[in-house]
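Everything below concerns the one structure shown next.
Proteins get letters first, then strands, A, B, ... in listed order; numbering begins at 1 in each.
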Protein chains: 2
Amino acid sequence: MKCALAALMMFCLPFGVMAQTTGGMATGDLGLVIERASGSLVVIDRSDRAAIGRIEGLGDLSHASLTYGPDERFAYVFGRDGGLSKVDILERKVVARTIQAGNSIGGAISDDGRLIAVSNYEPGGIKVFDADTLELVADIPAAGKTVGLVDVPGRRFAWAVWNTGEVFLGDFSGAKPVVRMIGNAGANPFDAVLTDDAHTFLVGLFGEKGVTAFDLWSDAPEPQKFLTDYGKTGEDMPVYKMPHLQSWAFTEGQYALPAVGRHEVLWVDRETQAQVASTPVHGQPVFIIAQPASPFVWVNFATPLNDVVQVIDSRSHQVVATLNPGKAILHMEFAPRGAEVWISSRDDNQVLIYDTRTRMKLAEVPAAAPSGIFFTARAHQTGL
Amino acid sequence: MKCALAALMMFCLPFGVMAQTTGGMATGDLGLVIERASGSLVVIDRSDRAAIGRIEGLGDLSHASLTYGPDERFAYVFGRDGGLSKVDILERKVVARTIQAGNSIGGAISDDGRLIAVSNYEPGGIKVFDADTLELVADIPAAGKTVGLVDVPGRRFAWAVWNTGEVFLGDFSGAKPVVRMIGNAGANPFDAVLTDDAHTFLVGLFGEKGVTAFDLWSDAPEPQKFLTDYGKTGEDMPVYKMPHLQSWAFTEGQYALPAVGRHEVLWVDRETQAQVASTPVHGQPVFIIAQPASPFVWVNFATPLNDVVQVIDSRSHQVVATLNPGKAILHMEFAPRGAEVWISSRDDNQVLIYDTRTRMKLAEVPAAAPSGIFFTARAHQTGL
């Protein structure tokens, strides 16, 4: 299988020559696509709608994410095997790598670009590394698995603990880290997300119904539970894939969030935290992503209904388009100003590029079993 | 005067050697500072808090702005002399330049990065250029001076006409431009701004009181006038500098806007368009800029009170800090995730870097009579 993939890649992606020509290259319109089966990354050029290189040797990327340094040259890749890798997009190679835990589930970079925090299951807790060298700066244990790690302005990070429901805010701006428990979210937080203005940290619960919000602009945040009908599902509807809360879209004064286990998108008023609408959709939503500078959100779905993408208007809460881009649609990434969306089709070994206005396909870029797509513009966004 | 400035620059800014070393450089954390008296730009590195080069030969930059291409390599500079210049940040030189009108007042780049539109006073109208070559693509006349030009998703631009009050939306996505008048804003629009979600185009009026909003998500936008007490001022308070509407901050569900001619910042609810508060401040506000991922806005002031910067909390509408950074504070630019703010002090020939959390000065970067500061992260924002 690996051999077949490698052969496919050799054939489809003649990167050899281009990979050398990195002198004087701007990085604002580049990106990386995770090739989940082969532990590699494809370097993509958004303006040219092309793959321009590959970086290999990233370990187990079957569940992986990455974040960018402020200069959009270096990416930090968090792999399922606990590997933290620093890659140089210009030189197209891994420049540092450490196996920092048994099982990591994601990470974040501090607002000043100096620190990388990694969230771990085995053992629990978070580890913080120097972004230049990947030297360990701080090791913060926890009484269980950590989830929902995000960067918070002021060289801070926030996270939750699955086993205890505790939510922590860690300040790494001084000589020694100052970590404080800011409240208990409830039973078994499974993920968390920070609003785009860094105002509200939203923690989703698995052990009970509801979502718990913390006001991070406050000096003494209080847990506020809402949507107390949310989260658990009837026995007749198995959850094929736990939705990521990172998939919550923020648009038109609302949160759009995936109903766990149901074929539905829920709309919550951002101000009152009351549910205002629900939209029946094709399958169990996985990612719900706002198309920048538009009223629309795009949704993909859990297996076995994962060959469809739907577009919903956040004003009417109606599905306005249903696309069939390809097989096993795992992720969508918008050009930062919204003109295009890049969609990974794992089982077609393609990244598909759609015009967001016409919703027509513009191009295809080959990649081996692509999952996450990450444009370098993420370097400039809080909470990603 | 020019000679003295040149001498000062030669002495203060030893760029000669560094300007050659551009190979393999990422561009995500770079920026440009306009040197208004000498028609030049300083290239700045945000991570190093340093000036790393200079680009000369930009003509009259006494009232100038710029925008970036999507790869964050090329900037398009709009000068008062009608000059449109394309500069290469990596090579640090002007790569194309055209005197496209007698007097230009700003420009914008299409969401796909392919077109540059320039807004002109002499003659009025807008001109649209190919972003690669600066070849003229379209010449759209108007019955007067054009103001408030912004990019709108879908390869579109919107603008207003001072003399007639007309507001236009131009679609340049097809073979021929389609320009339509979407409504009349009122007497003498002096500037306009697009909200960060590209939803609302706000037009400020000079010939009558009020602000007129257009819903650009609608197929048939209707002009909606609000704040009808806004704009004109008593005879006893001369307007030292007309505030730019680009200075409107969007935060906490509000617009923060400068009271014309008064020592006040006004707060308008984004949903209801009703004024909710006003904040007495040190002088006549010029720029009111939201600190990213925070509740704060930062304000600078018109001459002669232009040596002060104030910070206002958008929740309480209270001034929470008053800084005295230097002489003739003309502009402020935040690091995209808000950790720092760079402040130009024209008469100190310095750009001052402040930590936004401690509000203490971190560093100074020399520049000759600096005005606008522009980080490359703007490439990824709609309406800038």
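There is no contact between A:R270 and chain B, counting heavy-atom distances below 4.5 Å. Neither the backbone nor the side chain of A:T376 comes within less than 4.5 Å of any heavy atom in chain B. Heavy atoms of B:P292 lying under 4.5 Å from chain A are absent altogether. If you measure heavy-atom distances from A:A377 to chain B, the contacts under 4.5 Å come from both the backbone and the side chain. For A:D151, the part lying under 4.5 angstrom from a heavy atom of chain B is the side chain only. The part of A:S110 that comes within reach of chain B is its backbone (N, CA, C, O), which places non-hydrogen atoms under 4.5 angstrom from that chain.
Top candidate by heavy-atom pairs under 4.5 Å with chain B, chosen from A:R114, A:E271, A:R315, is A:R315. Per-residue counts of heavy-atom pairs under 4.5 Å with chain B were compared for A:S173, A:S294, A:G69; the largest is that of A:S294. Interface remark: of the candidates B:L30, B:I109, B:D88, B:D45, B:I109 forms the most heavy-atom pairs closer than 4.5 Å to chain A. Counting heavy-atom pairs under 4.5 Å between each of B:E340, B:H199, B:Q381, B:E72 and chain A puts B:E72 at the top. Highest contact tally toward chain A, considering only B:A290, B:A379, B:A335, is held by B:A379 [criterion: heavy-atom pairs under 4.5 Å]. Here A:P295 is the residue among A:P295, A:P153, A:G154 with the most heavy-atom pairs under 4.5 Å with chain B. Considering only heavy-atom pairs separated by less than 4.5 Å from chain B, the leading option among A:T356, A:T27, A:T195 is A:T27.
Evaluation of the salt bridge (Lys or Arg N to Asp or Glu O under 4.0 Å) test over residues 375-384 of chain A, restricted to residues two or more places apart or in two chains, returns A:E333-A:R378.
By the side chain to side chain contact (heavy atoms under 4.5 Å, CB included) test, A:A75 pairs with A:L32, A:L66, A:Y68, A:V87, sequence neighbours left out.
The backbone N or O of B:R155 lies less than 3.5 Å from a partner atom in the side chain of B:D111, making a donor-acceptor pair.
Note that A:K86 lies in the cation-pi zone of A:F74, set by a 6.0 Å cut-off to the ring centre and a 45° limit from the axis.
Between the side chains of B:S47 and B:D29, at least one donor N or O sits under 3.5 Å from an acceptor N or O.
A centroid separation of less than 6.0 Å is found between the aromatic rings of B:W342 and B:F375.
Screening B:T133, B:V128, B:L134 for a side-chain contact (heavy atoms from CB on, under 4.5 Å) involving B:D130 leaves a single residue, B:T133.
Remark: B:R357 engages A:D171 in a salt bridge, criterion side-chain N to carboxylate O under 4.0 Å.
Between A:R359 and A:A321 the shortest heavy-atom distance is CD-CB, 3.7 Å.
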